Amino acid sequence: MTFKHNFKKVLSATAFAAALVVAPAANVSAATNDASSTQQSATATSQDQQASQDQAASQSSAANQSSSTSTSSATSTSTVKKVAKKTKKTKKTSKKKVAKKATKKKATKKAKKTSKKSTKKTTKAATAAVTASADQSQATDQQDDAAKRAAEAAAKKAAAKKKAAAAKKVAAKKKAAAKKAAAKKKAAAKKKAAAKKKSAEKAAKYWIAMRESGGYYTARNGSCYGRYQLLISYLGGDLSKKNQERTADRYVYGRYGSWVNAKRFWLAHNWY
């Protein structure tokens, strides 16, 4: 029974050692798990071989059994020490890897936190920039609207001023035309009055001539001579028709102001 027990130990240790040797250093933890699985498999295999071992054991001698037990025990002890040493080394390496992994995880977590914080800060800055841009755009739109309204107001004011100037010009033109028309009318009236006056003067002069001489330039009555019966001294020795007309006008306008007034005086006194 001791031989069987030792044989199982040796077989399990050998399989575990073989698994540690064959497995790469980067997968020591996996090799440990594989060794455990191998140990379970070896245990099952040893159970299968137990019957044949029992038969072999009954046929072996007590001396061979003692010798085999001693040799197997020594080999098992040496292998167990090596396995324990490697297991300790593996555990140490595993601890380092776990610590390194924890550090890396911590650094990753910190980096993620920093990145998240940076992203949040960037997002906040971007939002602020967008808001500022929107505010600036709104302010620009307001300024543009104000400038547009001011331009429209200026245009309306200019149009109103231009319209007022045009209306003023038209009014001035109308006023000038009316003034010109009034002046023309006045001139026409004046001309008409002058013509009327001239006609009246001519008629009054003719009326007096007909009363004084019957219209003859050679008529004589004492010291009076001619068409208008002027004193001969007034004619200055020139008895021509032209001189009689000129002298008669000078006398009448000097004494009465007009032939009409002279006629009016004649009608009142039968002479002039």
Side-chain angles (χ1 to χ4, degrees), residues 133-272:
S133 178
D135 292 341
Q136 187 175 1
S137 178
Q138 187 178 2
T140 304
D141 291 340
Q142 289 177 353
Q143 289 178 355
D144 292 340
D145 291 340
K148 191 176 180 180
R149 286 195 296 271
E152 288 177 353
K156 285 182 179 179
K157 190 176 181 180
K161 192 175 181 180
K162 190 175 180 180
K163 190 175 180 180
K168 190 176 181 180
K169 191 175 181 180
V170 170
K173 196 173 181 180
K174 284 183 178 180
K175 189 176 180 180
K179 191 175 181 180
K180 189 176 180 180
K184 192 175 181 180
K185 189 176 180 180
K186 189 176 180 180
K190 192 175 181 180
K191 189 176 181 180
K192 189 176 180 181
K196 189 176 180 180
K197 185 179 179 180
K198 188 176 180 180
S199 178
E201 287 290 291
K202 189 176 180 180
K205 188 177 181 180
Y206 179 78
W207 187 86
I208 289 175
M210 294 305 291
R211 293 294 181 278
E212 289 293 327
S213 63
Y216 293 101
Y217 285 98
T218 57
R220 188 169 185 170
N221 184 15
S223 57
C224 295
Y225 182 84
R227 182 179 174 88
Y228 301 101
Q229 291 298 296
L230 298 171
L231 292 173
I232 295 176
S233 61
Y234 287 174
L235 296 172
D238 187 358
L239 303 177
S240 64
K241 294 179 181 180
K242 187 176 182 180
N243 188 47
Q244 285 184 40
E245 293 289 339
R246 183 172 54 245
T247 302
D249 286 336
R250 185 170 58 246
Y251 168 75
V252 168
Y253 284 116
R255 186 179 177 104
Y256 302 105
S258 66
W259 284 99
V260 173
N261 291 336
K263 179 185 177 181
R264 191 177 293 118
F265 186 86
W266 199 101
L267 288 170
H269 302 89
N270 289 323
W271 63 276
Y272 75 104

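Predicted model only: the values in this text are computed from it and were never measured.
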If we count only N and O atoms by modelled type, under 3.5 Å, do the side chains of [X] and [Y] hold a donor and an acceptor together?
X    : Y    : answer
E201 : Y206 : no
S258 : N261 : yes
E212 : W271 : no
Q244 : Y234 : no

How many angstroms lie between [atom1] in [X] and [atom2] in [Y], if you round to the nearest 0.5 Å?
X    : Y    : atom1 : atom2 : value
K169 : K162 : NZ    : NZ    : 11.0 Å
L231 : S223 : CG    : OG    : 5.0 Å
K168 : K175 : NZ    : NZ    : 10.5 Å
W266 : W259 : CH2   : CH2   : 13.0 Å
R220 : L239 : CZ    : CG    : 8.0 Å
R149 : K156 : CZ    : NZ    : 11.5 Å

Looking only at heavy atoms, what is the nearest atom pair of [X] and [Y], with distance?
X    : Y    : result
N221 : Q229 : CB-OE1, 3.2 Å
R227 : G215 : NH1-O, 2.6 Å
G226 : S213 : O-CB, 3.4 Å

S199 side chain to A195 backbone, donor-acceptor under 3.5 Å: no
Donor-acceptor under 3.5 Å (N243 side chain, L235 main chain): yes
Derivation and outcome, side chain to side chain contact (heavy atoms under 4.5 Å, CB included), residues Y217 and E245: CA-CA 10 Å; Y217 285 98; E245 293 289 339; 2.7 Å; yes
Can you confirm whether Y216 is buried at OH, in the sense that more than 12 heavy atoms of other residues, nucleotides or ligands lie under 6.0 Å from that atom? no
Are there more than 12 heavy atoms of other residues, nucleotides or ligands under 6.0 Å from atom CD of Q136? no
Heavy-atom side-chain proximity of K205 to Y228 below 4.5 angstrom: yes
Taking the side chain as every heavy atom from C-beta outward, state whether W207 and L267 have any pair of such atoms under 4.5 Å apart. yes
Can you label the angle between the Y272 ring and the Y251 ring as parallel, tilted or perpendicular, going by 30° and 60°? perpendicular
